[in-house]
Amino acid sequence: MDFNEQIKQLSKRISTLKNSVVTEEATKTSFIMPFFQILGYDVFNPTEFFPEYVADVGIKKGEKVDYAIIIDGKPCIFVECKSCNEDLDKHASQLFRYFAAAPVKFGILTNGIVL
């Protein structure tokens with residue numbers, strides 16, 4: 001199946017399930033991980049798609065971004081996930097804080113429906 005068909009199928013799946021998916025964890029499992037699999041990432045390989053990547057900011061310890069995409073052993077993209085029912089506008093500052101903690105160039109804030 002080609003890329004476009006896979007994206008269409010995921011879109012249909014999201015439309016069908018979005019009222020049943022009510023937590024952040026369910027959103028990650030049902031919508032976000034399948035999307036990154038379609039993009040070609042091995043979401044079950046922590047050397048490539050690292051869950052709960054530590055991104056401590058200043059004196060605040062224990063800060064973790066939901067996923068870090070790793071290339072050549074270094075994080076290059078952070079992915080911060082929220083529940084599919086969440087408005088992303090109020091969470092942008094959280095992702096921005098993580099940028100101060102690691103030399104990543106890109107960040108994705110998503111609720112599984114909006115990137």
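Note that the structure is a prediction, hence the values are computed from the model and not measured. When a residue number appears, it is its place in the shown sequence, counting from 1.
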Qualifying salt bridge (charged side-chain N to carboxylate O under 4.0 Å, His left out) pairs with a residue from residues 86-96, counting only residues at least two apart or across chains =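 For residues 86-96, and leaving out neighbouring residues, the salt bridge (charged side-chain N to carboxylate O under 4.0 Å, His left out) pairs sorted by first residue read Glu86-Lys90.
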Ile14: what forms a side chain to side chain contact (heavy atoms under 4.5 Å, CB included) with it, not counting sequence neighbours?
->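 Expected list: Leu10, Phe31, Ile113.
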For Cys84, does its backbone N or O pair with a side-chain atom of Thr27 as donor and acceptor, under 3.5 Å?
->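 Answer holds: yes.
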Short question: side chain of Ser11, backbone of Ile7 - any donor-acceptor pair under 3.5 Å?
->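 It does not hold such a pair.
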Residues in salt bridge (Lys or Arg N to Asp or Glu O under 4.0 Å) with Lys18, at least two apart?
->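 Listed in chain order: nothing, the list is empty.
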Could you list the residues that satisfy salt bridge (Lys or Arg N to Asp or Glu O under 4.0 Å) with Glu48, not counting sequence neighbours?
->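 By the salt bridge (Lys or Arg N to Asp or Glu O under 4.0 Å) rule, Glu48 matches no residue at all.
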Got a second to check how far [X]'s [atom1] is from [Y]'s [atom2], nearest 0.5 Å?
| X | Y | atom1 | atom2 | value |
| --- | --- | --- | --- | --- |
| Ile70 | Thr47 | CD1 | OG1 | 8.5 Å |
| Ile32 | Cys81 | CD1 | SG | 3.5 Å |
| Glu25 | Lys28 | CD | NZ | 4.0 Å |
| Lys64 | Glu52 | NZ | CD | 6.0 Å |

Using the side-chain contact (heavy atoms from CB on, under 4.5 Å) rule, take Gln37 and Gln6 through it: C-alpha gap first, then chi angles, then the decisive distance, then the call.
-> CA-CA 10 Å; Gln37 280 184 308; Gln6 290 179 2; over 6 Å; no
Take Val79 and Val65, measure what side-chain contact (heavy atoms from CB on, under 4.5 Å) needs, and give me the verdict at the end.
-> CA-CA 7 Å; Val79 182; Val65 65; 5.9 Å; no
Stepwise side-chain contact (heavy atoms from CB on, under 4.5 Å) test for Lys82 and Leu88 = CA-CA 8 Å; Lys82 299 299 172 194; Leu88 296 178; 4.1 Å; yes
Mind checking ring-ring contact (aromatic ring centres under 6.0 Å, His included) for Phe49 and listing every partner two or more places apart, or none if nothing turns up?
->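 Partners of Phe49 under the ring-ring contact (aromatic ring centres under 6.0 Å, His included) test: Phe36, Tyr67.
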Looking at residues at least two apart in the chain, or sitting in another chain, which of them share a ring-ring contact (aromatic ring centres under 6.0 Å, His included) with Tyr53?
->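 Per chain and number, Tyr53 pairs via ring-ring contact (aromatic ring centres under 6.0 Å, His included) with Phe50, Phe78.
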Member of Val21, Val22, Asn19 meeting the side chain to side chain contact (heavy atoms under 4.5 Å, CB included) criterion with Asn85 |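 Single pass found, and it is Val22.
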Apply the test side-chain contact (heavy atoms from CB on, under 4.5 Å) to residues Glu24 and Asp66: give CA-CA distance (whole Å), side-chain angles for both, the deciding distance (0.1 Å), then the verdict.
-> CA-CA 10 Å; Glu24 181 178 312; Asp66 289 305; 3.2 Å; yes
Is the closest side-chain heavy-atom distance between Phe3 and Leu39 below 4.5 Å?
->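 Heavy-atom side-chain distance check passes, below 4.5 Å.
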Which atoms form the tightest heavy-atom contact between Val114 and Asn111, and what is the distance?
->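 Taking every non-hydrogen atom into account, N-OD1, 2.8 Å.
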For the hydrophobic clusters of this structure (ILVMFWY residues joined by side-chain heavy atoms under 4.5 Å, transitively), does one cluster hold both Phe44 and Ile71?
->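 No, no single cluster joins them.
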